[in-house]
K.L.:
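Take a look at the following structure, please.
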Amino acid sequence: MDVRGTVADEVEVRSVSTSYGESQLAEVPLVLADDHEPTTVVCWNKWTESAELLEPGMELLVTNAEREEYQGETQYKTTGDSYVVVEPSFLVNVTAIRNWTECPRLYYLNKLSGVPLNYPVVKGTLVHEVFGDLLRGRELEDSIEARVDERGLQLGLLGESPDAVAEDVRENAKAIEGWLEQGRLTEEDSWRSEQLLISETFGIRGRADAIRRGAPVELKTGKNLKKEPRFKDKVQAACYALLLEEHGGDVDLGTLLYTKNSALDRNEETGDLTPAKEFSMGDGLLKYVVRLRNEIAAAEMAGDVPTGYEGNAKCEYCFEQDTCMVVSGRLDQESKAGQIGQPLPAEEREFFERFSRAIEEERREVHREYAKLWEQDAQERADDDRAMIDLEFEEKRELEEGRWELTARRTSGAASKLREGDLVLASDGHPVRGQSELARIERLDEESVILTADEAVEVTRLDVYPSELTTDRLLVALHDMLLKGDERRKDVLFDRAEPEFDAIEETFIDNNAAQNEAVAMAVGARDFALIHGPPGTGKTYTIARAIRAMVERGERVLLSAFTNRAVDNALEALLEQLEDVVDDDRIVRVGSESGVRDDMEPYRLERAGDPEERVAELENAQVVAATTATCGSRIMKEQSFDAALVDEAAQLTEPGTFAAINLAERFVLVGDHEQLPPVVRAENDLTESLFERLVDLHPDAGVMLDRQYRMNQRIQVFASREFYDGQLRPATPEVAGRTLDDLEGVTRDDLPETLRDPVAFVDVEGDGSRYTDSVEAARIAELIDTYEDAGVDRSAIGVIAPFRAQVSEISSHVPEDVAVDTVDRFQGSSKEVIVVSFTATGSLEGPIFEDYRRINVALTRPKRALVLVGDSQALGSDPVYGRMLEWARR
DNA sequence: TCTCTGCTGAGAGGA
């Protein structure tokens with residue numbers, strides 16, 4: 001039986017004499033899943049190593065345990081078939097285990113500083129791709145040509161020519177092909193290429209290069225002259241064996257394919273140079289691998305930093321020795337390799353530790369998402385918008401690259417988070433236990449979904465595949481800023497120096513003093529400048545104007561923001577400014593096809609193609625626009641800029657901002673910390689943006705844009721008073737006096753008297769539910785009819801609600817062309833008429849109402865009319881909402 | 001059940 005529970009207390013380890021001699025045992029006090037009293041689980045012999053890693057609060061799983069009575073108590077013990085798994089829901093990558101065997105610190109360094117772009121790695125990847133293609137039946141030359149072409153940009157950055165790379169790959173691939181030919185002679189050979197496997201039992205995930213007759217085949221591009229495979233390679237193959245066992249296999253053999261060992265050179269007698277080395281995988285190896293995996297899971301939970309003393313690796317052979325010494329020197333960490341250089345000032349080390357802890361907390365939240373793949377049932381996942389269930393498999397079509405196009409019909413119109421371009425787990429019923437494969441959503445509409453995948457899964461369900469990519473990049477950005485960052489930059493960020501400015505006399509914008517000053521500060525900043533842009537104050541225009549001024553001075557500029565939408569918006573305004581200043585082909589948008597808005601596609605940098613051409617496109621670009629996540633990619637990290645402008649900077653975490661500003665000499669942050677803060681999963685230090693911290697630290701380095709071009713005066717009064725010290729004012733009399741009467745075909749006199757004022761309040765008692773309110777929704781539907789009757793176009797109306805549930809409730813009551821969305825998603829846009837649904841009866845309970853920045857966003861979306869719909873009693877119970885009520889009812 | 005966007009990902013190798 002399997003025993004699973006939470007560790008209740010310290011683990012005791014001792015030695016006992018048994019009939020087999022001296023044995024080790026560990027007694028783990030464990031509270032079982034549906035129990036309250038702790039019971040004891042005894043882990044015998046080697047499993048004591050894993051048991052010793054446990055701390056109270058950690059999860060533990062023991063498979064094939066046996067129940068026994070000991071001194072009158074029921075307890076459990078490991079048997080010969082048991083596995084002991086620490087924190088089973090923490091999925092560890094196979095490559096992490098491989099790194100960890102070599103040296104635990106290598107695993108840490110890889111996470112911290114990432115793997116830079118280098119040719120051996122790219123070549124290795126190419127050879128793997130070609131190997132996969134060969135297994136799927138693609139022609140060798142065909143595959144090489146296509147795969148080399150796909151990596152044009154990367155190869156260009158490395159200065160490689162396509163022909164030389166192709167030749168290089170061909171050499172490795174020849175060995176594979178020769179070996180494959182031999183393999184194909186055997187009748188019972190069955191092949192499967194690259195499969196993503198997840199084990200919920202062992203907490204491991206990985207992608208096997210190939211599976212032959214149910215056993216893993218691992219491809220290595222390097223040479224191995226020894227008779228035996230390398231130990232770490234065996235460990236890697238053993239990981240895949242564990243994954244396959246969980247999926248019903250019974251694996252006792254592994255194959256390692258060293259492609260530099262040519263099949264033709266093979267020495268018949270010793271077999272030394274054969275590319276393929278087969279080895280048998282015993283129980284001992286598999287259990288060893290699980291113990292290694294346990295070490296990683298426990299270290300991640302405890303937040304330990306490995307020193308390198310844990311393993312017996314020799315530092316003098318290690319390629320990461322220098323990095324290792326620098327990191328331990330700068331952060332004053334203990335390490336086997338020793339330290340080089342001066343430690344960072346204490347405050348910087350403290351900052352690094354605080355933020356890396358926060359990022360690791362975020363990572364654990366992502367891992368919780370993985371665990372939900374098997375811990376929640378299909379319906380729960382669907383209700384959570386994390387899965388699309390009830391699909392009907394329709395057809396599979398083989399694509400020329402040997403990949404598959406899969407089509408499924410949607411049988412229910414249920415909403416979901418899944419969108420075109422997303423990477424998903426496509427399965428025939430269960431994302432982990434069933435047949436499943438990573439797939440990309442190519443097309444998605446109400447009726448059907450079209451996917452592409454390496455294998456032809458008969459798909460009936462799609463699950464969101466959580467990604468650690470952003471957390472990985474945050475950690476690297478933090479590392480780069482603190483360990484590699486410019487000293488002057490850190491002096492100003494850590495308040496050891498004041499930011500400096502060159503005086504700029506030029507006038508850039510002649511009808512708005514604050515905007516003009518903002519541009520002058522952005523252009524003249526030697527370190528950084530901050531532009532505080534409340535709603536409707538033209539910050540996008542100001543950014544565009546500032547970038548134009550920089551470009552005119554011959555500078556190279558990076559334009560970034562957290563979301564693709566913000567990047568594209570800013571780029572759109574910029575294109576207008578740069579029309580006669582820079583050639584179109586010197587403006588480049590870096591990002592994925594699905595992320596970049598269609599009208600910006602002409603500017604998007606293609607990754608495939610001729611290396612020289614691709615790299616020239618990027619390097620000749622005077623303006624590059626990309627999300628901050630993309631700024632952390634290997635390609636962008638090779639780029640450098642004179643200035644980085646970051647829009648919506650108040651919505652970015654500090655490390656997120658670093659990813660962009662690390663690439664530039666100086667930077668300009670533009671945002672509004674009185675609107676919504678960064679989205680983070682865990683409660684931690686990431687919730688305050690660098691923008692906000694710098695505004696507090698160096699108020700003189702910034703300007704607030706104080707003229708708004710959006711709202712009627714009556715509408716903006718409350719937000720101005722409550723959030724901007726009364727500083728925010730209409731830019732022109734036209735703005736101040738705008739009403740619905742200005743719109744073609746609209747007469748305010750056709751509205752009921754209560755709605756003629758630009759701000760109105762509609763008191764609705766509500767239905768008392770928690771996250772929806774059908775009474776409010778019905779009332780809102782009536783209001784929309786009323787506005788329509790007065791001549792207002794439906795597309796000019798927006799409805800904002802705090803909860804997603806209420807958004808769908810309202811959506812079902814109102815016509816389709818009325819935009820209904822959450823506050824969070826409305827940020828950044830505006831409408832002529834905005835109706836706000838507060839969805840609260842009696843009192844204002846719940847965290848959503850606690851952050852007042854959310855009402856600032858909601859109330860500053862309209863241009864000409866704002867209608868608040870809610871229960872006056874509930875709203876009156878909070879001072880800020882109460883003042884809002886007074887203002888609205890005036 | 002509070003809100004939620006990023007991103008191909010997992011692995012690629014050098015003695």
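These numbers come from the heavy atoms of this one structure, side chains and all, not from hydrogens, waters or symmetry mates. Lettering follows sequence order; numbering is per chain, from 1.
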K.L.:
Taking only N and O in the side chain of A:Thr221, is any of them less than 4.0 Å away from OP1 or OP2 of B:dA12?
P.N.:
no

K.L.:
Which nucleotide in the list B:dA12, B:dT3, B:dC7 gets nearest to the side chain of A:Arg419?
P.N.:
B:dC7

K.L.:
From CG of A:Leu423 over to C1' of B:dA10, roughly how many Å is that when rounded to an integer?
P.N.:
11 Å

K.L.:
Ignoring hydrogens and geometry beyond distance, is the side chain of A:Thr95 in donor-acceptor contact with the base of B:dG11 at under 3.5 Å?
P.N.:
no

K.L.:
Measuring from atom CZ of A:Phe131 to atom CG of A:Leu257, what distance do you get when rounded to the nearest 0.5 angstrom?
P.N.:
5.5 Å

K.L.:
Using the P atom on both, measure B:dA10 against B:dG14 and round to a whole Å.
P.N.:
23 Å

K.L.:
Across the strands shown, which category fits A:Ile848 at heavy-atom distances under 4.0 angstrom: base, sugar-phosphate, nothing?
P.N.:
base

K.L.:
Can you tell me how far P in B:dG11 sits from the matching atom in B:dA15, rounded to whole Å?
P.N.:
23 Å

K.L.:
Separation of A:Leu106 atom CG from B:dG13 atom P, in whole Å?
P.N.:
14 Å

K.L.:
Describe the nucleic acid contact of A:Lys220 in one word from base, sugar-phosphate, nothing, applying a heavy-atom distance below 4.0 Å.
P.N.:
sugar-phosphate

K.L.:
Between A:Arg403 and A:Glu455, is the closest basic N to carboxylate O distance under 4.0 Å?
P.N.:
no

K.L.:
Go through B:dT3, B:dT8, B:dG13 for me and flag the one nearest to the A:Arg607 side chain.
P.N.:
B:dT8

K.L.:
What I want to check is whether the side chains of A:Asn569 and A:Arg597 have a donor and an acceptor closer together than 3.5 Å.
P.N.:
yes

K.L.:
The side chain of A:Asp824 is closest to which nucleotide in this list: B:dC4, B:dA10, B:dG6?
P.N.:
B:dC4

K.L.:
Base, sugar-phosphate, or nothing for A:Glu218, non-hydrogen atoms under 4.0 angstrom?
P.N.:
sugar-phosphate

K.L.:
Do A:Ser837 and A:Glu776 have a side chain donor and acceptor closer than 3.5 Å?
P.N.:
yes

K.L.:
Closest nucleotide of DNA chain B for A:Glu468 versus for A:Asn118: which of these residues is on the 5' side?
P.N.:
A:Glu468

K.L.:
A:Val121 has a side chain; which of B:dA10, B:dC7, B:dG13 sits nearest to it?
P.N.:
B:dG13

K.L.:
Establish, with yes or no, whether the OP1 or OP2 oxygen of B:dG11 is under 4.0 angstrom from a side-chain nitrogen or oxygen of A:Asn110.
P.N.:
no

K.L.:
Rounded to whole Å, how long is the line connecting atom CG of A:Asp168 with atom C1' of B:dA12?
P.N.:
14 Å

K.L.:
Hey, which of A:His673, A:Gln675, A:Gln827 is the one that makes side-chain contact (heavy atoms from CB on, under 4.5 Å) with A:Gln651?
P.N.:
A:Gln827

K.L.:
Taking B:dG6 as the reference, what is the distance to B:dC2 when you measure between their P atoms (whole Å, please)?
P.N.:
23 Å

K.L.:
Does a side-chain N-to-carboxylate-O contact under 4.0 Å join A:Arg363 and A:Glu361?
P.N.:
no

K.L.:
NA contact type, A:Phe803, heavy-atom cut-off 4.0 Å: base, sugar-phosphate, or nothing?
P.N.:
sugar-phosphate

K.L.:
Tell me which nucleotide among B:dC7, B:dG6, B:dA10 gets nearest to the side chain of A:Asp422.
P.N.:
B:dC7

K.L.:
Relative to each other, are the rings of A:Phe90 and A:His367 parallel, tilted or perpendicular (30° and 60° limits)?
P.N.:
parallel

K.L.:
Quote, to the nearest angstrom, the P distance that separates B:dT8 from B:dC4.
P.N.:
23 Å

K.L.:
With heavy atoms under 4.0 Å as the rule, sort A:Ser592 into base, sugar-phosphate or nothing.
P.N.:
sugar-phosphate

K.L.:
For A:Lys232, answer base if it contacts any base atom (sugar-phosphate contacts may also be present), sugar-phosphate if it contacts only those atoms, and nothing otherwise; contact means non-hydrogen atoms under 4.0 Å.
P.N.:
base

K.L.:
Tell me what A:Tyr240 touches on the nucleic acid: a base, only sugar-phosphate, or nothing, going by heavy atoms under 4.0 Å.
P.N.:
sugar-phosphate

K.L.:
Just checking A:Thr470: base, sugar-phosphate only, or nothing, at a heavy-atom cut-off of under 4.0 Å?
P.N.:
base

K.L.:
Select base, sugar-phosphate, or nothing to describe what A:Arg230 touches, counting heavy atoms under 4.0 Å on all strands.
P.N.:
base

K.L.:
Return the nearest nucleotide to the side chain of A:Val94; candidates are B:dG11, B:dC7, B:dG13.
P.N.:
B:dG11

K.L.:
Which listed nucleotide (B:dT3, B:dG14, B:dT5) is nearest to the side chain of A:Thr563?
P.N.:
B:dT5

K.L.:
To the nearest Å, give me how far apart CG (A:Leu91) and C1' (B:dG11) are.
P.N.:
16 Å

K.L.:
Would you tell me if any nitrogen or oxygen in the side chain of A:Thr125 comes within less than 4.0 Å of OP1 or OP2 on B:dG13?
P.N.:
no

K.L.:
Base, sugar-phosphate, or nothing: which does A:Thr627 touch, judged by heavy atoms less than 4.0 Å apart?
P.N.:
sugar-phosphate

K.L.:
Quick one: label A:Gly206 by what it contacts on the DNA or RNA (base, sugar-phosphate, nothing), any heavy atom closer than 4.0 Å.
P.N.:
sugar-phosphate

K.L.:
Check this one for me: any side-chain N or O of A:Tyr119 less than 4.0 Å away from OP1 or OP2 of B:dG13?
P.N.:
no

K.L.:
Regarding A:Thr630, tell me which of base, sugar-phosphate or nothing describes its non-hydrogen contacts under 4.0 Å with the strands shown.
P.N.:
sugar-phosphate

K.L.:
Do A:Arg804 and B:dT3 share a donor-acceptor pair, side chain to base, under 3.5 Å?
P.N.:
no

K.L.:
Ignoring hydrogens and angles, state whether a donor on the side chain of A:Asp767 or A:Ser774 is under 3.5 Å from an acceptor on the partner side chain.
P.N.:
yes

K.L.:
Could you tell me the separation between the CD1 atom of A:Ile855 and the C1' atom of B:dT3, rounded to a whole number of Å?
P.N.:
15 Å

K.L.:
Identify which nucleotide among B:dA15, B:dG13, B:dT8 has an atom closest to any side-chain atom of A:Arg440, counting heavy atoms from C-beta outward.
P.N.:
B:dT8

K.L.:
Which is true for A:Asp384 with a 4.0 Å heavy-atom rule: it touches a base, it touches only sugar-phosphate, or it touches nothing?
P.N.:
nothing

K.L.:
Check the distance between B:dG9's P and A:Tyr465's OH and give it to me in whole angstrom.
P.N.:
9 Å

K.L.:
What nucleotide, of B:dA15, B:dG14, B:dA10, holds the atom closest to the side chain of A:Arg207?
P.N.:
B:dA10

K.L.:
Could you tell me whether A:Arg386 and A:Asp384 make a salt bridge, using a distance below 4.0 angstrom between a side-chain N and a carboxylate O?
P.N.:
no

K.L.:
Would you mind classifying the nucleic acid contact of A:Arg565 as base, sugar-phosphate or nothing, using non-hydrogen atoms under 4.0 angstrom?
P.N.:
sugar-phosphate

K.L.:
Check the distance between B:dC4's P and A:Gln651's CD and give it to me in whole angstrom.
P.N.:
12 Å

K.L.:
Taking the side chain of A:Tyr317 as heavy atoms from C-beta outward, which of B:dG11, B:dG9, B:dA15 is closest to it?
P.N.:
B:dA15

K.L.:
May I have the distance from A:Lys314 (atom NZ) to B:dG14 (atom C1'), rounded to whole angstrom?
P.N.:
19 Å

